[in-house]
Amino acid sequence: MDAATYERALYATKAVVAGTRKEQLNDPTPCSDWSVRDLLNHVINGCLAWASGARGEPRPFEAEDHTGRDYAAAFEDASHSALEAFQAPGAVDRTFKMSWGDTPGSVALGLAV
């Protein structure tokens, strides 16, 4: 697993996020406990959590609601930060400080993908 795989996943996700309309935010997802809004926030906050974890600053995945603004732009910014974190030299060899505890960079990358 490498950052290029993550980049491809983010690129595919970007198209889905960009195609999501505001009126779909309260629609259900295949996970009965989550709406489209919940899923969007999880994905965006997840990207921010990976980037923060790489800096040694744990951040919860459900930190804030991004759907009240331009969530496509929020995803673009967050995914860029996360990708930079995984592309940094030695990223997969260091420890990410995540909200659940220390996580090897290689494991963090696998979870992110």
Enquirer: Test of understanding: with side-chain hydrogen bond (donor to acceptor under 3.5 Å, both in side chains), list the residues that count as partners of Asp2, not counting sequence neighbours.
Expert: Thr5
Enquirer: Scan for salt bridge (charged side-chain N to carboxylate O under 4.0 Å, His left out) pairs involving residues 103-113, sequence neighbours excluded, and state none if there are none.
Expert: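 Qualifying pairs, neighbours excluded: none.
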Enquirer: With sequence neighbours left out, what residues match Val36 under side-chain contact (heavy atoms from CB on, under 4.5 Å)?
Expert: Thr20, Leu25, Asp27, Thr29, Leu40
Enquirer: Could you list all the salt bridge (charged side-chain N to carboxylate O under 4.0 Å, His left out) pairs where at least one residue sits in residues 74-88, not counting sequence neighbours?
Expert: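 Checked against salt bridge (charged side-chain N to carboxylate O under 4.0 Å, His left out) - neighbours excluded - the pairs reaching residues 74-88 are Lys14-Glu76.
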Enquirer: Listing request: all salt bridge (charged side-chain N to carboxylate O under 4.0 Å, His left out) pairs with a residue in residues 99-109, at least two apart in sequence or in separate chains.
Expert: Lys97-Asp102
Enquirer: Mind checking side-chain contact (heavy atoms from CB on, under 4.5 Å) for Ala72 and listing every partner two or more places apart, or none if nothing turns up?
Expert: Val17, Asp70
Enquirer: Identify every side-chain donor-acceptor pair in residues 104-113 under 3.5 Å, counting partners at least two apart or on other chains, and give the distances.
Expert:
none

Enquirer: Among all residues two or more places apart in sequence or in another chain, which pass the salt bridge (Lys or Arg N to Asp or Glu O under 4.0 Å) test with Arg8?
Expert: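 Not a single residue meets the salt bridge (Lys or Arg N to Asp or Glu O under 4.0 Å) criterion with Arg8.
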Enquirer: Sequence neighbours left out, what passes salt bridge (Lys or Arg N to Asp or Glu O under 4.0 Å) with Lys22? Give chain and number order.
Expert: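 Testing Lys22 for salt bridge (Lys or Arg N to Asp or Glu O under 4.0 Å), a comparison that skips the adjacent residues, returns none.
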Enquirer: Sorted by first residue and then second, give each side-chain hydrogen bond (donor to acceptor under 3.5 Å, both in side chains) pair with at least one member in residues 36-47; sequence neighbours left out.
Expert: Asn26-Arg37, Ser35-Asp38, Arg37-Thr67, Asn41-Asp65, His42-Glu62, Asn45-Arg59, Asn45-His66
Enquirer: Measuring from Ile44:CD1 to Ser79:OG, what's the distance to the nearest 0.5 Å?
Expert: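 Those atoms lie 9.0 Å apart.
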Enquirer: State the CZ-CZ distance between Arg55 and Phe96, to the nearest 0.5 angstrom.
Expert: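 If I round to the nearest 0.5 Å, the distance is 10.5 Å.
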Enquirer: If a pair satisfies salt bridge (charged side-chain N to carboxylate O under 4.0 Å, His left out) and one of its residues is in residues 42-54, list it, with sequence neighbours excluded.
Expert: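 Every candidate salt bridge (charged side-chain N to carboxylate O under 4.0 Å, His left out) pair involving residues 42-54 fails, so no pair, neighbours aside, qualifies.
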Enquirer: What pairs with Tyr6 under ring pair (Phe, Tyr, Trp, His ring centres under 6.0 Å), at least two apart in sequence or on another chain?
Expert: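 Listed in chain order: Phe86.
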